[in-house]
Amino acid sequence: MTYSNSRFSVSSSHQAIAGIVRLLAEIRLAVLALAVVFSLHDASTIFWVAVIAPFSYIPARSWERYGQRISRSGVLFGCDIVATMLVLFLVPGPLGGVYGIATASLVGVVARWRLTLPAMVPVALVMLSVFGFRDVQDWVTGLVLMATLVAMSFTGSNLGEAMRRQWLAAETSARRDASRAATAERVRISRDMHDTVAGDLAGSILLAQVLRDLLASENTSDQASATATQIVDLCTTAHVHTREAISALRKADAHPAAELGDLCVQWSARTAVACTLNVGPEVDGLDPQLFADLKAVLLELLENVRRHAGAFNVTIDLGVIGGEAVLVVSDDGRGLRKTDRKLLVDDGHFGLAGVDERVAGRGGSVRRAKAAGGGLLTEVRFPVVAREEITV
């Protein structure tokens, strides 16, 4: 399987374009302000400007707070296009054209070109009708503004995507730096524990053993010997627990892909079922909690294979596709006849029901089908990115 790195959070998406959105909204506000200055004697124009102004004022002042909601509202999207066409009638000439071009750029930045170009068709037609066809100059001006409208739609879309990619790169770099710092701190702590606490406990065990043997050789009371033995046992237990903690801290240095590789090797050795693992490189950058859920789901699916499938081979594919973490587990076993969750529970497959519930809790989906080898194929999708696109 081939995977692509498309991780991007909703908050990151609208934050990434905040600066350019504010700039374009302020340009539109400036056009409306000039329209009021030029039409102080026209009450109707001032009224309509007051109606239209919030479509620019709110993004200019509150995009960080409301940007996610605004960019996903088809109603606001449509109303803004209508408001732009109204501005072209209210403010004829190049000034209205500037407003239209700013709108094309703004919609391109927010909604991307697939929505921008169709939305700009009525705006372009209104722009042509406003300039009319009285002479060659009107034709040239109208066609130039239309061409600029289309060009700025593409430019806005490309600019928005570039800013999102830049923000994503910065977020990824910051997250990796934080992960490296956390890992380095864990390794330091484990090293210090090994050099101090673990060493002290090992020494305490030796001293306690000497004390126990000394008490036994001098025929002291049974209570004293028992107490010495308990001290040895407690020190030994504390030493084991300390080494387990050190080992756990050291494992924090492992990458998720390597961790899954170890998991599959151990599972295969325990079950004598061949396990093939394919992991996309971007998995190492997944959110730790998301990776923990993926690992828990994988463990449950492998347990289901061990208990019920009678398989000889298992294939695991994990990567990020189109903003989703996709886990596919397939085997060549007996397959699964019952796919309804209630039937699975009634049949004793509580683990698979738990997988469904865990995935649903994260807004993901589970699909089960017959695998190519005749067994069961389970595809689990966890959302990693909720891309901000306007729904019309």
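Computed from a predicted model, the values in this text were never measured in an experiment. Throughout, numbering of the chain's residues begins at 1 and tracks the sequence.
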Check your understanding: Same cluster or not: are V87 and Y57 linked, directly or through other Ile, Leu, Val, Met, Phe, Trp or Tyr residues, by side-chain heavy atoms under 4.5 angstrom apart?
Key -> no
Check your understanding: Any chain of hydrophobic side-chain contacts (each under 4.5 Å) joining L299 to V265?
Key -> no
Exercise for review: Of all the heavy-atom pairs spanning S44 and D42, show the shortest one and how long it is.
Suggested key: OG-OD1, 2.6 Å
Check your understanding: To the nearest 0.5 Å, what is the distance between CZ (R65) and CD1 (I70)?
Key -> 11.5 Å
Practice item. Answer whether the closest heavy-atom distance between the side chains of V366 and E379 falls below 4.5 Å. Key: no
Check your understanding: Closest heavy-atom contact between I27 and A102?
Key -> CG2-CB, 4.1 Å
**Study point:** Pairs where residues 118-127 contributes a residue and the test salt bridge (charged side-chain N to carboxylate O under 4.0 Å, His left out) is met, not counting sequence neighbours
**Key:** none
Review point. Looking at CG of L23 and CG of L106, how far apart are the two atoms once the value is rounded to the nearest 0.5 Å?
Key: 10.0 Å
Study note, to complete from the structure: Residue set satisfying salt bridge (charged side-chain N to carboxylate O under 4.0 Å, His left out) with R61, at least two apart, ordered chain then number -> E26
Review point. Between V31 and L34, is there a shared hydrophobic cluster once you connect ILVMFWY residues whose side-chain heavy atoms come closer than 4.5 Å?
Key: yes
Point to revise | Passing candidate, side chain to side chain contact (heavy atoms under 4.5 Å, CB included) with F382, options V326, L327, V320, V359 | key: V359
**Study point:** side-chain hydrogen bond (donor to acceptor under 3.5 Å, both in side chains) contacts in which one or both residues fall within residues 263-277, not counting sequence neighbours
**Key:** none
Check your understanding: When rounded to the nearest 0.5 angstrom, what distance separates CZ in F291 from CG in L318?
Key -> 7.5 Å
Review point. Can you tell me how far the CZ atom of R306 sits from the CG atom of D331, to the nearest 0.5 Å?
Key: 14.0 Å
Review point. Applying salt bridge (charged side-chain N to carboxylate O under 4.0 Å, His left out), which residue pairs with at least one partner in residues 79-94 are found, sequence neighbours left out?
Key: R28-D80
**Study point:** Identified side chain to side chain contact (heavy atoms under 4.5 Å, CB included) counterpart of F47 within the set V49, T45, V51
**Key:** V51
Check your understanding: Which atom pair, heavy atoms only, marks the closest approach of I316 to C275?
Key -> CD1-SG, 3.6 Å
Point to revise | Chi angles and distances behind the side chain to side chain contact (heavy atoms under 4.5 Å, CB included) call for L263, L302 | key: CA-CA 10 Å; L263 183 153; L302 289 176; 3.7 Å; yes
Review point. Going only through I, L, V, M, F, W and Y residues with side-chain contacts under 4.5 Å, is there a path from V314 to F312?
Key: no
Review point. Side-chain contact, heavy-atom cut-off 4.5 Å: L298 with K295?
Key: no
Exercise for review: Look only at the side chain of D332 and the backbone of N313, and say whether a donor-acceptor pair between them is shorter than 3.5 Å.
Suggested key: yes
Check your understanding: With distance as the sole test, does S157 use its side chain to make a donor-acceptor pair with the main-chain N or O of S153 at under 3.5 Å?
Key -> no
**Study point:** Which residues share a salt bridge (charged side-chain N to carboxylate O under 4.0 Å, His left out) with R22, sequence neighbours left out
**Key:** E64
Review point. Do V329 and T315 have side-chain heavy atoms sitting under 4.5 Å apart?
Key: no
Exercise for review: Might you point out which heavy atoms bring I17 and G160 nearest each other, and give the distance in Å?
Suggested key: CG2-O, 4.0 Å
Review point. Between CD1 of I101 and CG of L24, what distance do you get to the nearest 0.5 Å?
Key: 11.5 Å
Practice item. Please assess I52 against L86 for the test side chain to side chain contact (heavy atoms under 4.5 Å, CB included), listing each intermediate value before the final yes or no. Key: CA-CA 9 Å; I52 295 169; L86 182 58; 3.7 Å; yes
Exercise for review: Measure the shortest side-chain to side-chain distance between L376 and R368 over non-hydrogen atoms and say whether it is less than 4.5 angstrom.
Suggested key: yes
Point to revise | Test item: F38 and V91 side chains (from C-beta on) under 4.5 Å apart, heavy atoms | key: no
Review point. Less than 4.5 Å apart, any side-chain heavy atom of T378 and any of V380?
Key: yes
Review point. More than 12 non-hydrogen atoms from neighbouring residues, nucleotides or ligands closer than 6.0 Å to CD on E303, yes or no?
Key: yes
Check your understanding: Are any non-hydrogen side-chain atoms of M163 and I20 less than 4.5 angstrom apart?
Key -> yes
Review point. Hey, what do you get for OG (S365) to CZ (R381), rounding to the nearest 0.5 Å?
Key: 6.5 Å
Review point. What is the minimum heavy-atom distance between A325 and L294, and which atoms define it?
Key: CB-CD1, 3.9 Å
**Study point:** Check: L88 and Y99 side chains under 4.5 Å, non-hydrogen atoms
**Key:** no
Exercise for review: Would you mind listing every side-chain hydrogen bond (donor to acceptor under 3.5 Å, both in side chains) that reaches into residues 29-41, with sequence neighbours excluded?
Suggested key: none
Review point. Do you know which two heavy atoms are closest between L29 and A60, and how far apart they sit?
Key: CD1-CB, 4.1 Å
